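Data first, discussion second: the structure below is written as C-alpha cells.
One is the number of the first residue; the rest follow in order along the sequence. What you see below is based on every heavy atom in this structure, not just the backbone, and it leaves out hydrogens, waters and symmetry mates. What you are looking at is a predicted structure, and each value in this text was computed from that prediction instead of being measured.
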Amino acid sequence: MGLGSHPVRVLYTAAQIENRITFLSAEIARTIAPDTLVISLLRGSFIFTADLIRALHTQGIRPRVDFMSLSSYGAGTESSGTITVDRDLKVDVAGQDVLIVDDILETGRTLDFACSRARERGASVIRTAVLLDKPGKRAIHIQADFVGFTIPDHFVVGYGLDYGNYYRELPYIGALEMG
Ligand code: IMP
Ligand code: MG
C-alpha cells in the first residue's frame with residue numbers, strides 16, 4: 001500500500017479544531033506580550049501557525065513570525081532521536097519574547113531543541129504552544145505552556161501533520177490505520 005493511501009479515522013473535525021484554537025488563542029493572548037515573536041516549527045506546524053496567528057490577531061496580538069525547520073523522523077512513524085536543523089532562525093531573538101509553535105509534542109526532543117536554541121540565542125521569555133500533546137511517548141521531561149488537545153499514542157495525520165509527507169492537506173486530524 002502506498003504511503004498516502006491508508007485509511008484515516010477522524011479524531012477532530014475542522015470545526016472542532018477551529019473552535020479549540022479560538023479558545024486557545026484567548027488563553028495565549030492573556031499571557032504573551034503583544035509583539036511576541038512566533039517561531040513556527042516546520043514543516044508540521046504550518047497550518048496550525050497560520051490559523052493560530054489569525055486567531056491571535058483577533059485577540060489584539062501583533063506577532064512577528066519566523067520559522068525553524070527541524071526533522072527527527074525520516075519517512076517513518078518513529079522518531080529517530082536525532083534532531084537536524086534544515087532551516088535556522090533568520091530573526092535575531094536576543095531580548096525577545098518568543099512563542100514556539102509546533103504541531104505535536106511527542107518524545108519532547110524537537111520542542112526541547114527549539115527552546116534550547118532560542119535560549120542560547122538570548123530570548124528573554126520563551127513560551128510554547130502545541131496543537132497536540134501525546135504524553136505517553138515522552139522521552140524528555142518537558143511540557144508545553146499551551147496545548148490544543150491531549151491524545152493517546154496514535155500516529156496522527158492531517159492539518160499539517162504527515163506520514164511520509166502525505167496527508168498534510170486534510171482539514172481534519174485523524175489516526176492513521178496501518179492495518
Ligand atoms: P518529538 O520530537 O518526538 O516530540 O516529535 C515532535 C515531532 O515529530 C513533531 O514536530 C512532528 O513533526 C512529529 N510527530 C510526532 N508524532 C507524530 C504523529 O503522530 N504524526 C505525525 N507527526 C508526528
Ligand atoms: Mg514537526
Side-chain angles (χ1 to χ4, degrees), residues 8-70 72 89 91 93 96-119 123-138 140-162 167-176:
V8 177
R9 179 169 47 86
V10 178
L11 295 177
Y12 300 104
T13 64
Q16 286 173 315
I17 298 168
E18 185 185 352
N19 194 42
R20 182 67 190 111
I21 290 176
T22 300
F23 281 90
L24 193 64
S25 66
E27 189 191 335
I28 295 174
R30 282 195 293 274
T31 312
I32 65 172
D35 64 343
T36 290
L37 172 69
V38 167
I39 298 176
S40 173
L41 302 186
L42 297 174
R43 288 171 277 172
S45 78
F46 74 110
I47 295 181
F48 177 43
T49 303
D51 284 345
L52 182 66
I53 62 174
R54 285 177 290 180
L56 287 171
H57 173 86
T58 307
Q59 302 290 337
I61 304 294
R62 301 291 177 262
R64 288 157 302 134
V65 181
D66 198 4
F67 300 93
M68 195 164 22
S69 185
L70 303 177
S72 65
L89 292 168
V91 172
V93 301
Q96 305 289 316
D97 283 24
V98 303
L99 176 70
I100 299 176
V101 176
D102 205 3
D103 51 356
I104 184 165
L105 177 58
E106 195 188 55
T107 65
R109 291 192 189 98
T110 304
L111 199 61
D112 183 63
F113 184 96
C115 288
S116 303
R117 182 141 296 206
R119 204 175 302 115
S124 50
V125 178
I126 301 169
R127 291 207 172 81
T128 54
V130 297
L131 181 61
L132 302 169
D133 186 7
K134 225 195 264 182
K137 285 269 184 92
R138 206 73 95 247
I140 286 188
H141 191 74
I142 184 172
Q143 267 181 290
D145 297 303
F146 307 99
V147 174
F149 302 103
T150 301
I151 61 166
D153 283 350
H154 292 131
F155 191 80
V156 293
V157 294
Y159 197 75
L161 291 113
D162 74 303
Y167 304 100
R168 296 191 194 274
E169 80 288 3
L170 300 179
Y172 50 85
I173 293 165
L176 199 63

Is any side-chain heavy atom of [X] less than 4.5 Å from a side-chain heavy atom of [Y]?
X: R117; Y: F113; result: yes
X: L132; Y: L161; result: yes
X: D103; Y: V130; result: no
X: T49; Y: V38; result: yes
X: T36; Y: I28; result: no

Can you tell me how far apart [atom1] ([X]) and [atom2] ([Y]) are? Round to the nearest 0.5 Å.
X: L24; Y: N19; atom1: CG; atom2: CG; value: 11.5 Å
X: I47; Y: I173; atom1: CD1; atom2: CD1; value: 9.5 Å
X: L99; Y: I126; atom1: CG; atom2: CD1; value: 11.0 Å
X: R43; Y: F67; atom1: CZ; atom2: CZ; value: 14.0 Å
X: R9; Y: L176; atom1: CZ; atom2: CG; value: 10.5 Å
X: I100; Y: M68; atom1: CD1; atom2: CE; value: 6.0 Å

### Task
List in chain and number order the residues that pass side chain to side chain donor-acceptor pair (under 3.5 Å) with E27, two or more places apart in sequence or in another chain; answer none if no residue qualifies.
none

Indicate the atoms forming the closest heavy-atom contact of [X] with [Y], along with that distance.
X: H154; Y: A175; result: CB-CB, 4.1 Å
X: Y172; Y: T13; result: CB-CA, 4.1 Å
X: I17; Y: P171; result: CD1-O, 3.9 Å
X: I61; Y: A29; result: CG1-CB, 3.8 Å
X: P152; Y: K134; result: O-CG, 3.4 Å
X: V93; Y: A118; result: CG2-O, 3.9 Å

Closer than 3.5 angstrom, by distance alone: can the side chain of [X] be matched with the main-chain N or O of [Y] as a donor-acceptor pair?
X: D66; Y: I39; result: no
X: R127; Y: V98; result: no
X: R64; Y: D35; result: yes
X: S45; Y: F48; result: no
X: S124; Y: Q96; result: yes

### Side-chain ion pair, D153 and K137, N-O less than 4.0 Å
no

### Task
Output, in order, the C-alpha distance, side-chain angles, deciding distance and verdict of side chain to side chain contact (heavy atoms under 4.5 Å, CB included) for L105 and R138.
CA-CA 8 Å; L105 177 58; R138 206 73 95 247; 3.4 Å; yes

### Task
Could I get the full list of ring pair (Phe, Tyr, Trp, His ring centres under 6.0 Å) partners for F149, not counting sequence neighbours?
Y12

### Message
I'd like to know whether T128 forms a side chain to side chain contact (heavy atoms under 4.5 Å, CB included) with C115, so could you lay out the CA-CA distance, the side-chain angles of the two residues, the decisive distance to 0.1 Å, and finally the verdict.
### Response
CA-CA 8 Å; T128 54; C115 288; 3.5 Å; yes

### Task
State which residue, out of V91, L89, V65, fulfils the side chain to side chain contact (heavy atoms under 4.5 Å, CB included) condition with L37.
V91

### Message
Here's a test for you: under side chain to side chain contact (heavy atoms under 4.5 Å, CB included), which of I140, I142, V101 qualifies with L111?
### Response
I142

#### Entry: Pair I32-D97, side chain to side chain contact (heavy atoms under 4.5 Å, CB included): steps then yes or no
CA-CA 8 Å; I32 65 172; D97 283 24; over 6 Å; no

#### Entry: side chain to side chain contact (heavy atoms under 4.5 Å, CB included) between I104 and I151, intermediate numbers included
CA-CA 10 Å; I104 184 165; I151 61 166; 4.1 Å; yes

